[in-house]
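Down below is the structure, laid out as structure tokens.
In the text below, chain A, chain B and the rest are named by the order of the sequence lines, each starting its count at 1.
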Protein chains: 2
Amino acid sequence: MDTQPLYQRLADYYRRAIQSGALAPAQRMPSVRTMVRTHHVSLTTALQVCRRLEDDGLVEARPRSGYFVRPPAGPRLAPVPDPDIRRPIDVANYVGIHDRVANFITRSESQDCKTNFALAAAPPSSYPHAALRQAMTRALRMNSAVLAGRAPAHGHPQFRTVLARRALDCGISANADDLLVTHGCIEALNLALRAVARPGDTIAVESPTYFGLLQIIESLGLRALEIPTSPQRGISIEALELALRTQPGIRAVVVVPNLQNPLGCIMSDEDKQRLLQLCTSQQIALIEDDTYGALGDDGPSLAIKHWDRKGDVIYCASLHKTLAPAMRLGWTMGGRWHERMAMFKFAQSRPNEPLAQIAVAEYMSTKAYDRHLARLRQQLRQQRAHVAEAVARHFPAGTRLAPPAGGMLLWLELPEGTPGMTVFERALEAGIRVAPGAMFSNSSRYDHFLRLSCTEPAVPETEAAIRALGEIVAACAP
Amino acid sequence: MDTQPLYQRLADYYRRAIQSGALAPAQRMPSVRTMVRTHHVSLTTALQVCRRLEDDGLVEARPRSGYFVRPPAGPRLAPVPDPDIRRPIDVANYVGIHDRVANFITRSESQDCKTNFALAAAPPSSYPHAALRQAMTRALRMNSAVLAGRAPAHGHPQFRTVLARRALDCGISANADDLLVTHGCIEALNLALRAVARPGDTIAVESPTYFGLLQIIESLGLRALEIPTSPQRGISIEALELALRTQPGIRAVVVVPNLQNPLGCIMSDEDKQRLLQLCTSQQIALIEDDTYGALGDDGPSLAIKHWDRKGDVIYCASLHKTLAPAMRLGWTMGGRWHERMAMFKFAQSRPNEPLAQIAVAEYMSTKAYDRHLARLRQQLRQQRAHVAEAVARHFPAGTRLAPPAGGMLLWLELPEGTPGMTVFERALEAGIRVAPGAMFSNSSRYDHFLRLSCTEPAVPETEAAIRALGEIVAACAP
């Protein structure tokens with residue numbers, strides 16, 4: 001069954017035509033009216049097709065003339081290749097990832113930067129902060145004792161109800177009581193790991209993975225075992241299976257199946273189910289971090305939790321990336337560990353303050369939230385295309401890209417042997433912040449990688465910063 | 001040097017006169033004008049004296065007639081005696097305190113209650129929630145991106161500055177950079193314990209102690225060692241010294257030196273210094289919980305941190321009891337573990353949301369905060385006197401009280417052998433919530449104790465509830 005929206009199928013149709021050369025560079029695209037006539041679609045759909053092709057950098061609008069196929073963007077970036085899953089698995093080492101990450105952050109913030117490609121959150125202008133402020137002010141007016149009363153156990157009922165309803169978008173059928181509100185996804189992941197493992201145990205993670213996860217694992221006295229992960233398909237289930245057979249003491253696997261950080265890939269539905277079956281059969285917990293899921297170019301994808309019948313999946317998510325970075329609202333559905341997680345939450349920080357929950361619940365129960373998400377997705381897609389193109393133009397040959405399926409991140413492989421740390425340092429001196437690959441692994445495997453966040457609007461300064469960065473990379477490359 | 005305020009010295013003078021019988025029951029007190037003339041004090045001071053004596057239940061105002069010495073309040077409660085510090089120290093057992101406490105809470109909340117003597121937070125009417133709501137609304141208006149921006153590392157500078165200034169009230173001279181903002185005192189205690197100990201280590205605590213602390217210790221895989229604690233003078237430093245000599249693996253001691261929960265006592269300055277010296281010489285951390293400190297009848301007392309020169313004290317505090325129960329704002333000064341605590345905070349929940357911090361900083365930088373605290377202290381003193389008197393009238397002979405030096409809690413010893421759990425259950429059936437002594441220890445030492453929170457205004461219903469509770473206790477007593 002073809003579940004893609006109509007506009008997207010049509011956009012793919014034209015994409016193929018452009019890539020095959022049927023529509024040549026600088027050629028004028030069929031007009032919107034022509035599309036309507038030819039494909040029997042609405043004007044709205046035809047406009048969506050054009051905008052999509054524009055976001056992907058395939059066509060450009062010229063005022064009063066319509067859309068034109070763009071000239072090829074200089075040298076195209078080759079994709080980052082898949083890892084060799086037969087490689088020996090990195091032994092779970094305690095290597096002080098926290099210090100390493102903390103040093104990067106301290107170093108990063110020691111210098112004023114014109115351009116920030118390191119921060120994985122869009123600027124305030126990308127979020128509906130005026131509407132949220134209004135909702136907050138209303139919540140204060142309507143709930144006179146909200147600051148002096150008690151914080152409801154497990155989170156505010158109104159907020160949990162909205163979250164449960166919104167979870168349907170990624171295929172999760174839950175009710176408010178199944179949810180526990182937390183201080184961000186970070187606290188949810190902490191509770192999940194504390195619930196399933198004890199100090200000294202091993203946790204399987206994707207490689208590369210989000211540095212925050214490595215920090216949590218280290219801070220809890222656990223060991224991270226890095227499983228090879230494909231930039232296209234996500235974690236290698238074969239490699240995980242092998243690890244479970246050969247390494248003792250693995251209690252859980254943590255994955256970001258939708259828009260992996262830093263890779264940006266989405267696992268296929270089939271792989272999601274295979275991974276779940278493996279975890280169920282091996283009786284380890286599957287911890288699913290879905291923080292970025294709603295930012296997929298084609299909307300949210302199914303969560304692994306969708307297929308979970310036995311409570312083997314701990315689902316964790318938050319609103320930092322999608323709605324309000326500074327409100328620190330997250331939540332979890334802990335499956336068979338839920339009670340234990342609630343116990344740890346109570347002992348660790350007590351229930352969350354109610355005010356923010358009430359305000360956000362109000363906002364999220366309206367269509368305005370959907371409109372905001374659609375806008376944010378489109379904006380990020382455009383910005384990503386802009387940065388990726390600039391990288392293709394200005395980085396040295398041999399630079400490769402893991403093309404993401406949405407979100408705000410680009411994962412770049414620099415020519416083999418380029419010292420990412422030196423690039424990081426020199427970029428900083430030039431007023432440009434990037435996240436070096438070394439932050440995303442306990443191994444040295446990604447020392448010649450960079451993660452670029454495409455969170456700022458596409459302006460000429462961005463292109464200039466990428467050009468400067470490209471020159472630094474070229475100078476550092478062996 | 002006598003540092004007591006004038007009105008208090010004068011109140012003590014009249015208290016002694018009443019207790020000695022020089023001023024007999026039902027006798028008229030010297031008028032306010034007489035006091036002014038006799039003692040050369042201002043009218044304000046004289047009025048403060050009368051109000052203080054009234055709060056303490058020693059005199060009562062009769063409209064248009066002045067103040068009269070109250071008749072003795074029935075049988076007086078004897079004080080809870082000091083523990084035998086030569087008793088064998090309770091071995092640190094993992095006995096599932098979390099389940100026990102969780103059961104109490106679930107049982108407590110399973111039934112609608114008319115009277116709540118279990119909750120250690122005053123009702124919303126006792127807190128300046130209108131002013132806080134206004135501050136919050138203003139903060140929203142003045143900081144347009146406060147919800148969508150970034151949360152400042154370690155806490156909002158404005159809030160940390162005000163807290164540092166307010167810390168002077170308990171003798172701590174710190175600057176904003178020495179403070180880390182947390183999700184309540186609970187998170188601060190978690191971070192402190194994680195910073196100083198590893199699973200399996202032992203933490204010395206007061207006995208009885210706050211059940212939340214026992215839960216944290218258990219949830220972190222640590223062991224609690226309960227040190228005998230005097231209802232008048234606080235933790236026995238001799239007993240702690242003995243424990244440090246004889247028990248291996250003690251990493252820290254956690255104390256509530258000002259208004260201990262549940263005892264309500266304040267350690268003397270001398271004992272505070274002796275305790276610090278002991279910890280310094282034995283190289284264990286001294287974790288100081290000062291959540292209740294500002295609610296002392298005579299204002300805040302000195303924190304142990306006041307004498308800390310080497311960073312051996314981790315100071316933890318919050319605003320739940322004093323300002324806004326549902327805002328969950330706490331903070332810590334971690335001494336030589338500060339960096340490590342900040343690392344755990346970052347890995348555990350990231351920096352706190354800025355909005356609440358900005359609003360509270362504004363409120364706390366005005367005199368309104370001082371006025372609120374003075375009001376709250378007076379109100380709690382009155383309410384405590386009211387409940388204590390009712391207990392003296394209605395509880396069976398042999399009931400004893402640890403008379404607190406402030407705050408909202410009364411710690412009662414029922415006649416030896418009275419099963420506190422049965423009292424708890426029967427009270428619940430009668431619509432009355434109490435906190436049974438078993439919640440405050442891993443041992444069975446306090447099974448015949450109750451903690452009563454005096455957070456509700458003194459109304460006839462309170463007296464009726466205490467009478468009903470007294471009948472239940474009498475029926476359960478052996």
Where does [X] contact chain B at under 4.5 Å (heavy atoms): side chain, backbone, both or neither?
X	value
Arg198(A)	neither
Pro128(A)	neither
Ala102(A)	neither
Gln134(A)	neither
Leu329(A)	neither
Leu220(A)	both
Leu355(A)	side chain

Just give me the residue among [options] that pairs up with chain B most often, heavy atom to heavy atom, under 4.5 Å.
options	answer
Ala122(A), Ala145(A), Pro354(A), Pro325(A)	Pro325(A)
Gly212(A), Ser349(A), Ala356(A)	Ser349(A)
His129(A), Glu353(A), His320(A)	Glu353(A)

How many angstroms lie between [atom1] in [X] and [atom2] in [Y], if you round to the nearest 0.5 Å?
X	Y	atom1	atom2	result
Arg350(B)	Arg328(A)	CZ	CZ	6.5 Å
Ile216(B)	Phe346(A)	CD1	CZ	10.0 Å
Leu147(B)	Leu132(A)	CG	CG	6.0 Å

Full working for side-chain contact (heavy atoms from CB on, under 4.5 Å) between Arg194(A) and Ser219(B)
CA-CA 9 Å; Arg194(A) 291 183 65 190; Ser219(B) 76; 3.4 Å; yes
Checking heavy atoms, do the side chain of Ile105(B), its backbone, both or neither come under 4.5 Å from chain A?
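Just the side chain, heavy atoms under 4.5 Å.
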Contact class of Ala121(B) relative to chain A, heavy atoms under 4.5 angstrom:
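For Ala121(B), there is no contact with chain A at all, as no heavy atom is under 4.5 Å.
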Do you know which of Glu187(B), Glu109(B), Met136(B) has the most heavy-atom pairs under 4.5 Å to chain A?
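Between Glu187(B), Glu109(B), Met136(B), the count favours Met136(B).
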side-chain contact (heavy atoms from CB on, under 4.5 Å) assessment of Met343(A) paired with Gln215(B):
CA-CA 9 Å; Met343(A) 179 270 274; Gln215(B) 287 179 299; over 6 Å; no
What are the two closest non-hydrogen atoms of Ala151(A) and Ala326(B), and how far apart are they?
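The answer is N-CB, 4.4 Å.
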Taking the side chain as C-beta and beyond, is there a heavy-atom pair between Arg133(A) and Ser144(B) under 4.5 Å?
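The answer is yes; the side chains approach within 4.5 Å.
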Can you confirm whether Arg150(B) is buried at CZ, in the sense that more than 12 heavy atoms of other residues, nucleotides or ligands lie under 6.0 Å from that atom?
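No, the 6.0 Å shell around CZ holds no more than 12 heavy atoms from other groups.
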